[in-house]
Structure formats: structure tokens, C-alpha cells
Amino acid sequence: MSLYGQYDPQNIFALILRGEAPCYKIYEDADVLAFLDIFPQSRGHVLVIPKAAQARNILDVDPAVLGKMMSAAQRLTRILVDELQPDGVQIAQFNGAPAGQTVFHIHVHIIPRWNGEAPEAHGRGKADPQELEALQARLVERIDSQAE
Ligand code: 5GP
């Protein structure tokens with residue numbers, strides 16, 4: 001799909017938002033949902049998506065929604081850094097297939113990076129479900145502890 005087009009309500013993130021597909025949720029509020037990428041580029045690869053918007057990319061998202069998505073991404077980046085102690089964090093957001101976008105519901109990637117560890121290919125190898133579950137539990141616990 002190109003940069004322009006109709007929002008497809010059957011895209012995988014729309015299914016996740018409607019509860020029609022599973023996800024390893026780590027955080028949710030009135031505006032955003034955040035969950036682990038199941039084809040992670042690194043340990044702790046998180047996706048942040050807006051809940052209400054039917055926006056495919058940065059061209060058609062409401063700026064207020066974009067702001068909420070980015071503030072949640074910053075907050076979750078701090079959580080990931082505290083929990084996983086990476087050496088760096090990559091924040092990525094792709095628009096249109098030629099730019100690398102594969103799911104056409106706008107989202108931000110948070111990708112922890114470690115010295116000497118090259119990232120996995122984008123959207124390729126599926127993570128071990130047990131590892132994702134363990135990571136989800138650690139991150140949820142840290143988020144909950146900071147909310148108290
Ligand atoms: P994009 O390529 O559009 O920037 O990013 C889409 C991301 O969604 C990729 O990193 C890919 O690994 C991830 N992804 C694709 N399908 C699923 C899924 O069913 N569940 C989860 N959690 N992530 C997915």
C-alpha cells in the first residue's frame with residue numbers, strides 16, 4: 001500500500017484494538033495501547049498505537065493524537081530503559097511501504113539497542129512466546145509500580 005489510501009479496518013492493529021487478535025499488552029490508557037512486537041528487532045521491542053484514530057500514517061493523523069502517542073512513547077521508553085538497561089534506544093515510525101511500513105495503522109516503534117548487538121531484520125523472526133510473556137510481566141510490573 002502506498003502513502004495514500006483508505007484506512008483498512010481489518011489491519012492487524014485494528015483487530016488487536018477490537019480484541020479480535022491477541023497481543024502482549026504492556027500499557028493502555030484512554031488514548032493509546034502499547035504491546036510487544038512479536039517479530040522483534042531487539043529484546044523489548046514495543047509498539048505504541050493510538051486507539052481511536054483511523055490514521056494510516058503521519059500524514060493523516062490528528063496532531064493531538066500524535067502528541068499523545070509520542071508522550072506515551074517517551075514514558076514507555078523510560079520504563080524500558082529502567083527495566084532492560086540498554087545502551088541506546090531507537091524510536092522509529094515508517095510511512096508507506098517504500099519507507100518500510102507493513103501495518104497501516106500509525107504506530108511508533110521503541111527498539112532498545114545494546115552495544116555490539118545488531119538489530120534483527122524488520123518484522124521477520126517470531127519471538128519465543130514464553131520470552132514475550134516473561135518480558136510482558138516484567139514491564140507491566142514496573143509500569144504498575146511507577147503508577148502507585
Ligand atoms: P511497520 O513495518 O508497519 O513499521 O511495523 C509493523 C510492526 O508490526 C512490525 O515490526 C511487525 O513485526 C509487527 N507486527 C506484525 N504483525 C504483528 C502482530 O500480529 N502482533 C504484533 N504484536 N506485532 C506485529
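In listed order, ligands and their atoms are each counted from 1. In this chain, residues are counted from 1 in sequence order. Predicted, not measured: the structure shown is a model, and the values here were computed from it.
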Give a yes or no on whether Arg124 atom CZ has more than 12 heavy-atom contacts from other residues, nucleotides or ligands under 6.0 Å away.
no
Tell me, please, which residues at least two apart from Asp31 pass salt bridge (Lys or Arg N to Asp or Glu O under 4.0 Å).
Lys68
List the residues meeting salt bridge (Lys or Arg N to Asp or Glu O under 4.0 Å) with Glu83, not counting sequence neighbours, and say none if there are none.
Arg138, Arg142
Taking ring pair (Phe, Tyr, Trp, His ring centres under 6.0 Å) as the test, write out the residues that go with His107, two or more places apart.
Phe13, His109
Does one side chain, of Glu117 or Asn115, offer a donor that lies under 3.5 Å from an acceptor on the other?
no
Arg56 side chain to Tyr4 side chain, donor-acceptor N/O pair below 3.5 angstrom:
no
Can you pull every nitrogen or oxygen pair between ligand 1 and the protein closer than 3.5 angstrom?
from, atom 1, to, atom 2, distance (Å)
ligand 1, 2 (O), Gly100, O, 3.0
ligand 1, 2 (O), Thr102, N, 3.1
ligand 1, 2 (O), Thr102, OG1, 2.7
ligand 1, 2 (O), His122, NE2, 2.5
ligand 1, 3 (O), Thr102, N, 2.7
ligand 1, 3 (O), Thr102, OG1, 3.3
ligand 1, 3 (O), Val103, N, 2.9
ligand 1, 3 (O), His107, NE2, 3.0
ligand 1, 4 (O), His107, NE2, 2.9
ligand 1, 4 (O), His109, NE2, 2.8
ligand 1, 5 (O), His107, NE2, 2.9
ligand 1, 5 (O), His109, NE2, 3.2
ligand 1, 10 (O), Asp37, OD2, 2.4
ligand 1, 12 (O), Asp37, OD1, 2.6
ligand 1, 12 (O), Asp37, OD2, 3.3
ligand 1, 22 (N), Leu36, O, 2.9

